[in-house]
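Please read these numbers as outputs of a predicted model, since none were measured by experiment. By convention in this document, chain letters (A, B, ...) are assigned in the order of the sequence lines, proteins followed by strands, and residues within each chain are numbered from 1.
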There are 2 protein chains.
Amino acid sequence: MNKLPETVFKALSDSTRLRCLTLLSLEGELCVCELTHAIQMPQPKVSRHLALLRESGIVADHRRGQWIFYRINPGLPSWVRDILERTAREIAPTEPFVLDRERLANMVGRPGATCVV
Amino acid sequence: MNKLPETVFKALSDSTRLRCLTLLSLEGELCVCELTHAIQMPQPKVSRHLALLRESGIVADHRRGQWIFYRINPGLPSWVRDILERTAREIAPTEPFVLDRERLANMVGRPGATCVV
DNA sequence: GCAACTTATTCATGAAACTGAATATATGGG
DNA sequence: CCCATATATTCAGTTTCATGAATAAGTTGC
């Protein structure tokens, strides 16, 4: 019995996780401090939700020096990635997602993982 | 603050609801006894989940005689309907969704709402 | 009105999930 | 080694959610 669908949708059913996933979907790769700054939630809270997403296979992480970067798991089935992308695109112009991206864009001292090299 | 996305995904995060929604998405319109027969769950359980989906605006219902028929709410934003359809299409060939449709197809004495008129 | 059928609701219970607060772990620089 | 920064985890409390069992409510036909 495959439980991926339920898992994916449960991941999207919490507002903190939805904000993180939307940022990751739109921005590509972000570290915890960028996510924390963008959505303005306590770091342990963000970290806990990211752990849940990691254990569910929704996101992948890798350390780069001091920072740990998260991204949408490229190994997800394409229909799941499509749904994540479609959702992010649709809700991006609404709050709180617009403000989240603004705060991210204005953040000073970003690790710069997604900067144009 | 718009909470539709979270609501939609929460609706899909329970297996009973996902099975009902998948059947509704693939079959169009079904009454409670058809859903109950297809997914083989107690009627009060199915009814409660359908009530939740109705209150969330995910499905719409209307009475026809003795039966109450449910369908995906046509008033949902198109991206939400797309996600419901895409999901149903993707998981349809897996269990338990294949068996659900078989039981529905083999059900005797169906109210026949979806019969060709 | 009564019986059969379909659907909805209430109640009590147990499990799961989210949270703040505090704390622990890991990395890099001096 | 010490300190600052970044991230993760534990704990306890509260709320939400799913469930079985029992029951109620609406419809049809007699």
Requested in this report: Indicate if Leu23(A) and Ile68(A) have the same hydrophobic cluster label, given that clusters are the connected sets of ILVMFWY residues with side-chain heavy-atom separations under 4.5 angstrom.
Outcome: yes
Identify all side-chain donor-acceptor contacts of residues 4-18 of chain A below 3.5 Å with residues at least two apart in sequence or on another chain.
residue, atom, partner, partner atom, Å
Thr7(A), OG1, Lys3(A), O, 2.8
Ser13(A), OG, Lys10(A), O, 2.8
Asp14(A), OD2, Thr16(A), N, 2.9
Asp14(A), OD2, Arg17(A), N, 3.1
Arg17(A), NE, Ala11(A), O, 3.0
Arg17(A), NH1, His49(A), ND1, 3.1
Arg17(A), NH2, Lys10(A), O, 3.1

Query raised in the report: Which part of the nucleic acid does Leu52(B) contact within heavy-atom distance under 4.0 Å: base, sugar-phosphate only, or nothing?
Result: sugar-phosphate
Report task. Any side-chain hydrogen bond (donor to acceptor under 3.5 Å, both in side chains) involving residues 35-47 of chain A? Give me the pairs, sequence neighbours left out, ordered by first then second residue. Result -> Gln40(A)-Arg103(A)
**Report entry** side-chain contact (heavy atoms from CB on, under 4.5 Å) involving Gln66(B) - partner list, sequence neighbours excluded
**Finding:** none
Query raised in the report: Would a distance-only check, ignoring hydrogens and angles, find a side-chain to backbone donor-acceptor pair under 3.5 Å from Arg63(B) to Gly65(B)?
Result: yes
Would you be so kind as to tabulate the donor-acceptor pairs closer than 3.5 Å made by side chains of residues 78-85 of chain B, with sequence neighbours excluded?
residue, atom, partner, partner atom, Å
Arg81(B), NH1, Pro74(B), O, 3.3
Arg81(B), NH1, Leu76(B), O, 2.5
Asp82(B), OD2, Arg86(A), NH1, 3.0
Asp82(B), OD2, Arg86(A), NH2, 3.1

Query raised in the report: For Ile39(A) and Cys20(A), which heavy atoms make the closest approach, and how far apart are they?
Result: CD1-SG, 3.9 Å
Might you list the N or O atoms of the protein lying below 3.5 Å from N or O atoms in nucleotides 6-9 of chain D, with each pair's distance?
residue, atom, partner, partner atom, Å
dT7(D), OP1, Val32(A), N, 3.4
dT7(D), OP1, Ile68(A), N, 3.2
dT7(D), OP2, Cys33(A), N, 2.7
dA8(D), OP1, Tyr70(A), OH, 2.7
dA8(D), OP2, Ser47(A), OG, 2.6
dA8(D), O5', Ser47(A), OG, 3.4
dA8(D), N7, Gln43(A), NE2, 2.8
dA8(D), N6, Gln43(A), OE1, 3.4

Report summary line: Separation of dG26(D) atom C1' from Arg64(B) atom CZ, nearest Å, is 17 Å
Query raised in the report: SG of Cys31(A) to NE2 of His62(A): how many Å apart, nearest 0.5 Å?
Result: 10.0 Å
Query - Positional range of nucleotides in DNA chain C within the contact set of chain B, heavy-atom, under 4.0 Å - result: dC5(C) to dT10(C)
